[in-house]
Protein chains: 4
Amino acid sequence: MTDPDVRASIMRAVYEALCEHGYTELTAQDIADRTDKSKSLLFYHYDSKEDILGDFLEFLFERFDERVAETRDRPPVERLAVFVDWFLYGPEENDRQSFHVAMLELRTQAPYNETFREKLRKSDDQLRAVLEEILRDGLEAGEFNEHDPEETAALLIAAFDGARIRQLTIGRDEYLEQVRKGTATWVFDDLLAEDASFPADRDPSTLPESDQQHRLAADLGNDGNGDADESNDDEPTERDRE
Amino acid sequence: MTDPDVRASIMRAVYEALCEHGYTELTAQDIADRTDKSKSLLFYHYDSKEDILGDFLEFLFERFDERVAETRDRPPVERLAVFVDWFLYGPEENDRQSFHVAMLELRTQAPYNETFREKLRKSDDQLRAVLEEILRDGLEAGEFNEHDPEETAALLIAAFDGARIRQLTIGRDEYLEQVRKGTATWVFDDLLAEDASFPADRDPSTLPESDQQHRLAADLGNDGNGDADESNDDEPTERDRE
Amino acid sequence: MTDPDVRASIMRAVYEALCEHGYTELTAQDIADRTDKSKSLLFYHYDSKEDILGDFLEFLFERFDERVAETRDRPPVERLAVFVDWFLYGPEENDRQSFHVAMLELRTQAPYNETFREKLRKSDDQLRAVLEEILRDGLEAGEFNEHDPEETAALLIAAFDGARIRQLTIGRDEYLEQVRKGTATWVFDDLLAEDASFPADRDPSTLPESDQQHRLAADLGNDGNGDADESNDDEPTERDRE
Amino acid sequence: MTDPDVRASIMRAVYEALCEHGYTELTAQDIADRTDKSKSLLFYHYDSKEDILGDFLEFLFERFDERVAETRDRPPVERLAVFVDWFLYGPEENDRQSFHVAMLELRTQAPYNETFREKLRKSDDQLRAVLEEILRDGLEAGEFNEHDPEETAALLIAAFDGARIRQLTIGRDEYLEQVRKGTATWVFDDLLAEDASFPADRDPSTLPESDQQHRLAADLGNDGNGDADESNDDEPTERDRE
DNA sequence: GATGAATGAGGATTCATTCAT
DNA sequence: CATGAATGAATCCTCATTCAT
């Protein structure tokens, strides 16, 4: 796998195929179908289907890396708010749920798959590191009250992840809002120095234009608003079955 | 499906097969193999493999129902501690990880499966109801400070679930302890009236003898320490592949 | 199989199951479902599914026998007209097509099944014998011109059967009318003595009230107008798949 | 399915499998076994077993098309005689009965199968068109007396088809001769202008060397006298059961 | 007689992966 | 590089038939 263009086109195909079929129902053919190349070629570039997905995780990780740096110059409170919104609501509110569902499926394969596990660990480490950095910066800047950044980061990430997962799997969208309010009540209100306050209600208009995942979609060469199913609410999208 | 014994034996087979193969790799044959009956019989009792798993979720739900009542007579603070320990650590510390991993796989299929979704929703509703009940009881008993039980329950469950999921998928056991401490710091310390305090460190010896999931194992007719893989730590168990 | 009531109820179940599922898709369960007894009992009374169908053919044959006698006292020309209408249009015009389609499927199994073959031969022999009898009676009565009854009977039955089959299989209803007119033109017009004439157009109102197959339905204990699909024309009924 | 050779080899395998197993008992494996390829390959080229059979009907239709043209330059009376012989007796007298039985089974599935129905209709339309053409040509050439070609064609085809079906299913070979004589008596003797006469007895020696179905066999790449069962008379061949 | 339970022997279809060209 | 063709190993599910009660 030398040619970055070929890789990019495969990665994009994987992304789209995951959105439409989910991970469990994903076939090599599904990926090839979203490429202008043949299925056989996939196995020329990769040793196995698993290998392709492994590289996809790597690809995601690389993109994430690039994006994180971009928010480094913002003040800690703002970065924290962006982080919360990004994690809890993802791109375009409920958009791309199907992709996140597929990623969730993939995550559940990590216990059985060394490669997946390793990549997801790197990703987890990095995610916590970013949040810890924000918290530490806030401490140093005197914007946050004294606390243990590591412990707090772990709690917040667990809470956000848990909320997102329940929303994605059982379609309970209200979870997101409840958990957001819960973190505001129990954590942020105490975390922020007395003069500051975490926005009680989420106001999307204050968000920076291009958040992380918009960028992911852009990187993948689509508009982040492709032909994948996006509807949601009470009835999660049925898997696309050919 | 009239005979409860037959159902029980199938449910147990499903449990064991899930532990050994995970959900994604689970075949009807795997289930039958853990029964003294033939594969065809499964389809005599159930319409499809999916149907079997659906009933398994129902079965789990029924057991859970029965167990919850048993802790009702304890004081709220104790119930809360039991709840946290049960959720975060599950039975026998790291035991039966493989089962929980499989359940996690199954949960990720809910977006594609109406039946799974519905059962998991019932389960989620009940779980939150139990925690809210504990919180409300504590408020009424004056053991807890004023707070919004619904919001708090949602936050705690999300955090516990998220921690467990990360531990299960990427094998980061320290997540559990970090999140436990985080909730103690940010939530429980404020929640409990001044004279009470949430145990800073978890001490298994103080736990009541038979917690929920020991009971599940017992219900399923095994010792909760069966032949399923149990090793964990840094390297999650590889799926048992025939 | 001693009890005639049991046999009758099974025969009726076979009839209904054939109407709804066709022969190829017919299962022992389908038959049992239309009985108030269990599937196992079928195999108590019969050695095999094939055996059941064999007895069903026998049953049909017995009914047919009884019916034929009833028209014996009519004049030959009238009997001939009834025969043609009965054969070409069956009961209630296009009704019970599904049954006849199933019987056609069954007939095609005769080459592989000694029992079926034998019963169908008996049935064929009898059918030709009846027509020959009519033709011979007409000859003797001077109502028909000189001809070879055996040869004519064979031709007519082949033509009627072929027309019916094409109508049933490819849904070309016009075949029936064309063949009826064809036989009138080429056979009946020459067959009938100069003073008589075969009705050029078929007029159902002149038919005797209860023709053969109404009786079959009645014998089977239903109204000959059950819940089986009856629609037809250009698009033959799709098989009922549970 | 681009390669015509592959298609041809599959079509031939279908033909042979149909001869040996009949339609009802035909499995994908039976077809693959008569190929030098694997069963999976069938599903690479076709979507389903049904799809294969659908294409087989199409294939037959194409062959038939080609053959019809070849007799176009003969005089109407001769074409009529060839038509009758071909239809009533098929290739090599009683040869390939098993194939025709299988086709009959397939025809009875048309009511349940849109694709089969459509192809069989095309085939039926063409068959009648050919006969009507012969009759019309004979009228124009003054070789046939005045009549309605459409009506006559329908009658003849119904009679021939009905005769063939009865012969195939119940093994009454005499039907063929009787119906042939019947048509001669009632139709052809009147149809032909006074100076001509339809051959009273069938004399195979006068038939043109290569009739239609010899050609089919040849097209299919075998000698028309393959290893399929051919015995007949009173006891139709038992289906070949593995 | 009657039945619920049980099963063996398929049978259609899928899919990751390989290979000749 | 690229691909169409090819396949082995599964996998779910069906169903006639049997059997213990």
Side-chain angles (χ1 to χ4, degrees), chain A residues 1-3 6 25-32 35-53 241-242, chain B residues 1-3 5-6 9-10 21 24-32 35-52 241-242, chain C residues 1-3 6 25-32 35-53 241-242, chain D residues 1-3 5-6 9-10 21 24-32 35-52 241-242:
Chain A
M1 174 59 62
T2 43
D3 189 340
V6 172
E25 298 276 294
L26 183 73
T27 72
Q29 189 64 62
D30 293 331
I31 298 173
T35 280
D36 57 349
K37 299 294 167 48
S38 73
K39 180 174 53 163
S40 323
L41 196 61
L42 292 179
F43 291 94
Y44 174 80
H45 289 301
Y46 294 94
D47 286 340
S48 66
K49 193 178 107 176
E50 201 176 290
D51 194 26
I52 299 174
L53 272 301
R241 292 170 196 278
E242 183 67 355
Chain B
M1 175 59 66
T2 42
D3 190 340
D5 288 349
V6 173
S9 84
I10 295 177
H21 296 272
T24 304
E25 298 277 296
L26 182 72
T27 72
Q29 189 63 61
D30 293 331
I31 298 173
T35 281
D36 58 346
K37 300 296 166 47
S38 74
K39 184 174 47 164
S40 337
L41 190 63
L42 293 179
F43 294 98
Y44 173 75
H45 288 301
Y46 294 94
D47 286 340
S48 65
K49 194 177 104 175
E50 195 178 299
D51 194 27
I52 298 175
R241 291 171 199 277
E242 188 77 351
Chain C
M1 174 58 64
T2 43
D3 190 340
V6 173
E25 298 275 295
L26 183 71
T27 71
Q29 189 63 62
D30 293 331
I31 298 173
T35 279
D36 56 349
K37 299 296 166 46
S38 73
K39 179 175 51 162
S40 323
L41 196 61
L42 292 179
F43 291 94
Y44 174 80
H45 289 302
Y46 294 94
D47 286 340
S48 66
K49 193 177 108 176
E50 202 175 290
D51 194 26
I52 299 174
L53 272 301
R241 292 169 198 278
E242 183 66 354
Chain D
M1 175 58 66
T2 42
D3 190 341
D5 288 349
V6 173
S9 84
I10 294 178
H21 296 271
T24 305
E25 298 277 297
L26 183 71
T27 72
Q29 189 63 61
D30 293 332
I31 298 173
T35 279
D36 58 347
K37 301 296 164 47
S38 73
K39 182 174 49 166
S40 338
L41 190 64
L42 293 179
F43 293 96
Y44 173 75
H45 288 302
Y46 295 94
D47 286 340
S48 65
K49 194 177 103 175
E50 194 178 301
D51 194 27
I52 299 174
R241 291 170 199 278
E242 188 77 353

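Proteins come first, then strands; the chains are lettered A, B, ... in the order of their sequence lines, and each starts at number 1. Note that the coordinates shown come from a computational prediction; the quantities given were computed from them, not determined experimentally.
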Engineer: What is the distance from OH of D/Tyr46 to P of F/dT7, rounded to the nearest Å?
Structural biologist: 16 Å
Engineer: Take atom NZ of D/Lys49 and atom P of E/dT14, then tell me their distance rounded to the nearest Å.
Structural biologist: 14 Å
Engineer: When the nearest nucleotide of DNA chain F is assigned to C/Gln29 and to D/Asp36 on a heavy-atom basis, which residue is associated with the more 5' position?
Structural biologist: D/Asp36
Engineer: Between C/Phe43 and D/Ser38, just flag the one whose closest nucleotide in DNA chain F comes earlier from the 5' side.
Structural biologist: D/Ser38
Engineer: D/Ser48 or C/Leu42: which one's nearest nucleotide on DNA chain E is closer to the 5' end?
Structural biologist: C/Leu42
Engineer: Is there a donor-acceptor pair closer than 3.5 Å between any side-chain N or O of B/Thr27 and the backbone N or O of B/Gln29?
Structural biologist: yes
Engineer: Distance check needed: F/dA10 C1' versus B/His21 NE2, whole Å only.
Structural biologist: 14 Å
Engineer: Using both distances under 3.5 Å as the test, list the Watson-Crick or G-U wobble partner of F/dA9, or none.
Structural biologist: E/dT14
Engineer: Using whole Å, report how far CG of C/Leu26 lies from P of F/dC15.
Structural biologist: 10 Å
Engineer: Using a distance-only criterion (donor-acceptor N/O pair, under 3.5 Å, no hydrogens), is the base of E/dT17 paired with the side chain of A/Lys39?
Structural biologist: yes
Engineer: Can you check side-chain contact (heavy atoms from CB on, under 4.5 Å) on C/Thr35 and C/Leu41, steps first, answer last?
Structural biologist: CA-CA 10 Å; C/Thr35 279; C/Leu41 196 61; over 6 Å; no
Engineer: Between F/dC13, E/dA16, E/dT17, which nucleotide has the shortest distance from any of its atoms to the side chain of A/Thr27?
Structural biologist: E/dA16
Engineer: What's the spacing between B/Leu42 CG and B/Ile31 CD1 if we round to 0.5 Å?
Structural biologist: 6.0 Å
Engineer: For C/Asp30 and F/dT14, what is the distance between atoms CG and C1' respectively, to the nearest whole Å?
Structural biologist: 12 Å
Engineer: Output yes when at least one side-chain N/O atom of D/His45 is less than 4.0 Å from OP1 or OP2 of F/dA6, else no.
Structural biologist: yes
Engineer: Between F/dA16, F/dA6, E/dA12, which one does the side chain of D/Tyr44 approach most closely?
Structural biologist: F/dA6
Engineer: Can you name the nearest heavy-atom pair linking B/Val6 to B/His45, along with the distance?
Structural biologist: CG1-NE2, 3.5 Å
Engineer: Whole angstrom is fine here: how far is it from CD in B/Glu50 over to C1' in F/dC13?
Structural biologist: 14 Å
Engineer: Quick one: D/Leu41 CG to F/dA9 C1', roughly how many Å, whole number?
Structural biologist: 16 Å
Engineer: Ignoring hydrogens and geometry beyond distance, is the side chain of C/Ser40 in donor-acceptor contact with the base of E/dG4 at under 3.5 Å?
Structural biologist: yes
Engineer: Under a 3.5 Å limit for both distances, which nucleotide forms a Watson-Crick or G-U wobble pair with E/dA6, could you say?
Structural biologist: F/dT17
Engineer: Strictly distance-based, threshold 3.5 Å: is any side-chain N or O of B/Lys37 a donor or acceptor partner for the main-chain N or O of B/Ile10?
Structural biologist: no
Engineer: In whole angstroms, how far is the P atom of F/dC13 from the CD1 atom of B/Ile31?
Structural biologist: 11 Å
